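Worksheet: one structure, shown below.
Residue numbers begin at 1 in each chain, while the letters A, B, ... track the order of the sequences. Bear in mind that the values here come from a model prediction, so they are computed numbers and not experimental data.
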2 protein chains.
Amino acid sequence: MSFDPAPRRRYEDACGAAHGLELLGDRWTMLVLRELMLGPRRFSSLRSDLPGISARVLTQRLAELEERGVVRRVTLPPPASVQAYEATEWGLEAEPILQELGRWAARSPSHDPSLPVSAVSIILSFRTMIVPERAAGLDRRFGIEMGDQQFVGRLEGGALSFAQGADDEAEFVIRGAPENFAAVVYGGAPRELVEIEGDVAAAGEFLSLFTLPPKVGA
Amino acid sequence: MSFDPAPRRRYEDACGAAHGLELLGDRWTMLVLRELMLGPRRFSSLRSDLPGISARVLTQRLAELEERGVVRRVTLPPPASVQAYEATEWGLEAEPILQELGRWAARSPSHDPSLPVSAVSIILSFRTMIVPERAAGLDRRFGIEMGDQQFVGRLEGGALSFAQGADDEAEFVIRGAPENFAAVVYGGAPRELVEIEGDVAAAGEFLSLFTLPPKVGA
DNA sequence: CCGTATCCAATAAGATACTG
DNA sequence: CAGTATCTTATTGGATACGG
C-alpha cells in the first residue's frame, strides 16, 4: 500500500458518509461524476457542460477520481479513437447519491430552476422524478436529443433507463435545449418548446410522467 | 458578525444535485447535519463528535445551515434550559443522502472502518445497513447506550427507528463504545465487546440484522 | 462551559496565458 | 483539443485570546 504523498485532508471518521465525502466531496467532483453517468465523455465536452469549472480543476478532479477507482480513461472505439473518461461500474453506482441530493434540494426555497442545465442533468432528473404509478405498464423506446447529445431511452414495466446514442426503433424522438425540456416537463410550459418526431401522443405521455417534490413549507 | 460578506460560490446550475451541494457541500457541513439526525445537540457535543473541526468552522457551518433552513437553534426544555441546535423537518429528510453516500463508500477499497466513529454514525448505519429479510416480522423496543449518549430503538414490522433518550419498556439495552458496536456488528468481533442487559437472545438477534455491502472487486 | 473574534499559515480554487 | 503553468484570491484549520 502506497502512502498518499500529499496527505489529503481526511475526516478521520469511520462513518461511511464521511468516507464518501472524502471520495466525492470536493468542489465539482460530484458534478463531474454526474456528467459521466450516461457514458464516456471527452474533456472539453465535460468542461462545456460544467460552466465555471477551470481546466485546472477539471484535470485535478478527473485525476483524483481515476486514482480512487471511480473513473477510468478510455480510448473511444474507431473511427473516433480519441481519449475520453468514463465512470467505472462502482462509479455508476453513485447515481442514487445524486438522486437523493437532487430530490432533497429540489424542495429548497432557494432552488432556482431557471439556471442553465446540462443534458445529462435533465436525463438523470427523469430517472429521479418519474412517478412510478404513471409509468406502470408502459413499454416504450424513444430518443432524446439536446444539441449534439443524443440519448436512447427505454421504459419497460415502469423502469426507465437511458444511454448515449440513437435508436432506429424509437417510437418517438424529442428534441430541444435542456432548459426547454425542463420548462415543459417541470415548469408546465407548452409542449411546443420541444420538437417531437414520431408518435406525438406517446411523446406527450412521456413528458407527463415526471413531477418535482413540493417546496418546503408548501 | 458578518458571515457572508463575499457572495457564496455557486455552481450556476439548475440541477438539483448541484443545488444540494451548494446547501450541504462545504467541508464538514453534511457531517454536522449527520450529528443532528437523532435530535438536538449542543455545540460542544457536536464538536467532540466531529474530531478535527475547529470551533470557528463549526460556528460557521451551523450559521449557514440555519440560514438555509436546514437547522434551527432551540432552547432545550427545563430543567436543562440550554441552547442547542436541531435539524428542521426538511433537514431530517436529508438522511437518505447520507445513507446512499455511506452505502456507496462502504464498498470503497480505501474505506478504513477502524477509525473512530460517533454514536450517531453507528445508529444511522443501522438504519442503512439493516437486512430487511432478517428484520421482517420482528417487533422490539430496546436501548443503545454509548458513553453518555442514550438512544431508544424500535423495530416494528421491519422498520427500524431511533431517537435520543431512554425507554423504560426496553426488552434489552446494549452498551459499549461506538467502535465496539462497529466491531461486533460489522467486524465479526465477539459479542462480549458490548454489554447486554435484559433479553440477551433478542439483543444478539438484533446485533445480527446488519451487513455491509461487498467491497469493490469482491 | 459556550461560544466569538482575530491573526496566521497552508491549501484549494479561479483566472489567464500558453504549449504539444 | 487537451491539458500545463503561473499568478491571484478565497477558504480552511490551528492557535489563542476574549466575553457571557
Output all residues satisfying salt bridge (charged side-chain N to carboxylate O under 4.0 Å, His left out) with A:Glu12, sequence neighbours left out; order by chain, then residue number. none
Residues in residues 45-52 of chain A with a heavy atom under 4.0 Å of DNA chain C, by number, are none
Looking at A:Glu66 and A:Arg72, does any basic side-chain N land under 4.0 Å from a carboxylate oxygen? no
Which of the following nucleotides, C:dA13, C:dG3, C:dC2, is nearest to the side chain of B:Gln83? C:dG3
With a 3.5 Å cut-off and sequence neighbours excluded, list the donor-acceptor pairs that the side chains of residues 182-192 of chain A form with protein atoms.
from	atom 1	to	atom 2	distance (Å)
A:Tyr186	OH	A:Ser125	O	3.3
A:Tyr186	OH	A:Ser125	OG	2.8
A:Arg191	NH2	A:Gly204	O	3.3
A:Arg191	NH2	A:Ser208	OG	2.7

Pair of N/O donor and acceptor under 3.5 Å linking C:dG14 base with A:Arg56 side chain: yes
Name all residues meeting the side chain to side chain donor-acceptor pair (under 3.5 Å) criterion together with B:Arg141; count only those two or more places apart in sequence or in a different chain, and write none if there are none. B:Asp167
Contacts of type side chain to side chain donor-acceptor pair (under 3.5 Å), residue A:Glu156, not counting sequence neighbours: none
So if I take the C1' atoms of five pairs at each end of the helix from C:dC1-D:dG20 to C:dG20-D:dC1 and get each local axis, what angle do the two axes make, rounded to 10 degrees? 40°
Strictly by ring pair (Phe, Tyr, Trp, His ring centres under 6.0 Å), give each pair with a member in residues 46-68 of chain B just once, sequence neighbours left out. none
Enumerate the ring pair (Phe, Tyr, Trp, His ring centres under 6.0 Å) contacts for residues 52-90 of chain B, please, sequence neighbours excluded, ordered by first and then second residue. A:Trp104-B:Trp90
Could you pull out all residues at least two apart from B:Gln150 that satisfy side-chain contact (heavy atoms from CB on, under 4.5 Å)? B:Glu145, B:Ala166
